[in-house]
Undergrad: 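Questions regarding the structure given below will be posed in turn.
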Amino acid sequence: MPELPDVEVFRRYMDETSLHQKIKSVDVLARDILAGVSEEDLKKGVEGHRLEATRRHGKYMFASLSDDGWLAFHFGMTGYFEYSKDEEEHPEHTRVLFRFDNGYRLAFVLQRKLGKITLTGNVENFIREHNPGKDALDISMDDFKKTLEGARGSIKSALMNQDHIAGIGNVYSDEILFRARLHPRANPGQLDARTVERLFKAMKEVLKTAIGSRADPDQMPGDYLLPQRGKGGECPVCGGKIRTEKITGRTAYFCPGCQK
DNA sequence: CTAGATGTTAAGGT
DNA sequence: CACCTTAACATCTA
């Protein structure tokens with residue numbers, strides 16, 4: 001479920017497994033997930049090089065290549081990495097394989113092909129072009145307040161708008177609003193200062209806690225909403241029934257008793 | 001068989 | 001123009 005916490009976990013996973021080894025070869029199993037780079041240019045830029053360092057901005061992650069350039073990854077709705085011995089069967093829906101010369105390889109897996117791999121020379125430019133909103137873990141209280149003042153739809157859509165705040169998707173917007181005890185349809189422009197502050201703190205706390213739980217719902221605190229998704233679940237705070245509603249085309253989960 | 005699912009984006013409305 | 005919402009994308013599961 002790649003939102004900011006998931007992507008941060010993937011970034012750390014790459015750090016722990018795949019850095020500083022020579023890339024023997026790249027296998028492109030689905031050419032259509034390459035964005036703005038041909039298979040030939042990807043191979044040319046990557047083969048014989050090493051992954052040196054990683055960065056993340058919102059739901060994008062980047063890996064620098066020895067000598068020059070960066071790989072940019074977007075995980076879509078279903079993406080993840082798997083690192084394992086090269087002779088093992090790679091996961092179903094593997095789209096690109098990076099084979100290292102230590103006998104291991106990193107698989108970039110997407111069930112639905114909504115993710116992307118790109119090559120870019122400059123991460124700052126890439127972010128400016130693709131996702132200029134401030135990362136949700138970096139945004140200041142001032143910028144957060146300004147963003148909400150300028151938004152017109154629901155607070156849930158405002159949190160999910162990647163042009164303003166990068167990294168929050170459907171699942172974590174619900175969790176943030178639950179912890180802030182705010183209704184997903186609340187008007188972002190009409191929140192009083194104290195509510196904006198509560199929401200800001202909930203955003204930072206939820207994202208950090210989720211990363212600490214390795215983005216695994218089973219490891220999250222017992223009073224989190226996320227593990228109750230899709231089970232006809234109950235509110236972990238008041239015991240009421242969790243309601244779902246369509247908000248701007250996405251299913252919002254919330255507790256009508258706790259969130260006003 | 002149909003609807004819906006964690007995401008982005010182009011196109012269509014205000 | 002700035003902003004918002006919808007449909008479409010690809011693939012699998014309930």
Undergrad: In whole angstrom, give the distance that lies between atom CG of Asp163(A) and atom P of dT9(B).
TA: 8 Å

Undergrad: Using purine N1 to pyrimidine N3 plus N6-O4 or O6-N4 for Watson-Crick, or N1-O2 and O6-N3 for G-U wobble, each under 3.5 Å, what pairs with dT6(B)?
TA: none

Undergrad: To the side chain of Thr78(A), which of dA5(B), dG7(B), dT6(B) is closest?
TA: dT6(B)

Undergrad: Report the nucleotide, chosen from dT5(C), dT6(B), dT8(B), that has the shortest atom-to-atom distance to any side-chain atom of Thr248(A).
TA: dT5(C)

Undergrad: dT8(B) phosphate, OP1 or OP2: any side-chain N/O from Lys116(A) under 4.0 angstrom?
TA: no

Undergrad: Rounded to the nearest angstrom, tell me the gap between atom CG in Asn161(A) and atom P in dT8(B).
TA: 10 Å

Undergrad: Rounding to an integer number of angstrom, what distance separates dC4(C) and dT6(B) when you compare their C1' atoms?
TA: 22 Å

Undergrad: For the side chain of Arg95(A), counting heavy atoms from C-beta on, which of dT8(B), dG4(B), dT11(C) is nearest?
TA: dT11(C)

Undergrad: Counting only side-chain heavy atoms from C-beta out, which of dT6(B), dC4(C), dA5(B) sits nearest to Ala151(A)?
TA: dC4(C)

Undergrad: I want to verify a distance call: between dT6(B), dT5(C), dT11(C), whose nearest atom is closest to the Arg229(A) side chain?
TA: dT6(B)

Undergrad: Nearest whole angstrom, please: distance from the C1' of dA5(B) to the OH of Tyr172(A).
TA: 16 Å

Undergrad: Within this structure, what is the NE2-to-P distance between His130(A) and dA10(B), rounded to whole angstrom?
TA: 11 Å

Undergrad: Quick check: on DNA chain B, is the nucleotide nearest His74(A) upstream (toward 5') of the one nearest Gly249(A), or the reverse? Name the residue that is more 5'.
TA: Gly249(A)

Undergrad: Please tell me whether Lys156(A) and Thr248(A) have a donor and an acceptor in their side chains that are separated by less than 3.5 angstrom.
TA: no

Undergrad: Kindly point out which of dT5(C), dC4(C), dG7(B) is positioned nearest to the side chain of Leu114(A)?
TA: dG7(B)

Undergrad: Under a 3.5 Å threshold, yes or no: a donor from one side chain and an acceptor from the other, between Arg185(A) and Ser154(A)?
TA: no

Undergrad: Picking from dT6(B), dA2(C), dT11(C), which would you name as closest to the side chain of Arg152(A)?
TA: dA2(C)

Undergrad: What integer distance in Å separates Leu4(A):CG from dT8(B):C1'?
TA: 16 Å

Undergrad: Pairing donors with acceptors under 3.5 angstrom, does anything connect the side chains of Asn102(A) and Lys22(A)?
TA: no

Undergrad: Give the rounded distance in Å between these two atoms: CG of Asn131(A) and P of dG7(B).
TA: 12 Å

Undergrad: Over how many whole Å does the gap from Ile33(A) atom CD1 to dT11(C) atom P extend?
TA: 12 Å

Undergrad: Just how far, in rounded Å, is C1' of dC9(C) from CE of Met77(A)?
TA: 11 Å

Undergrad: Is it the case that atom CZ in Arg214(A) sees more than 12 heavy atoms from other parts of the structure closer than 6.0 Å?
TA: no

Undergrad: Do the side-chain N and O atoms of Ser213(A) and Asp216(A) include a donor-acceptor pair separated by under 3.5 angstrom?
TA: no

Undergrad: A quick test of your reading: do over 12 heavy atoms of other residues, nucleotides or ligands sit less than 6.0 Å from CD of Glu87(A)?
TA: yes

Undergrad: If you only use heavy atoms from C-beta on, which nucleotide in dC12(C), dA5(B), dG7(B) is closest to the side chain of His93(A)?
TA: dC12(C)

Undergrad: State whether Arg250(A) places a side-chain N or O below 4.0 Å from either non-bridging phosphate oxygen (OP1 or OP2) of dG7(B).
TA: yes

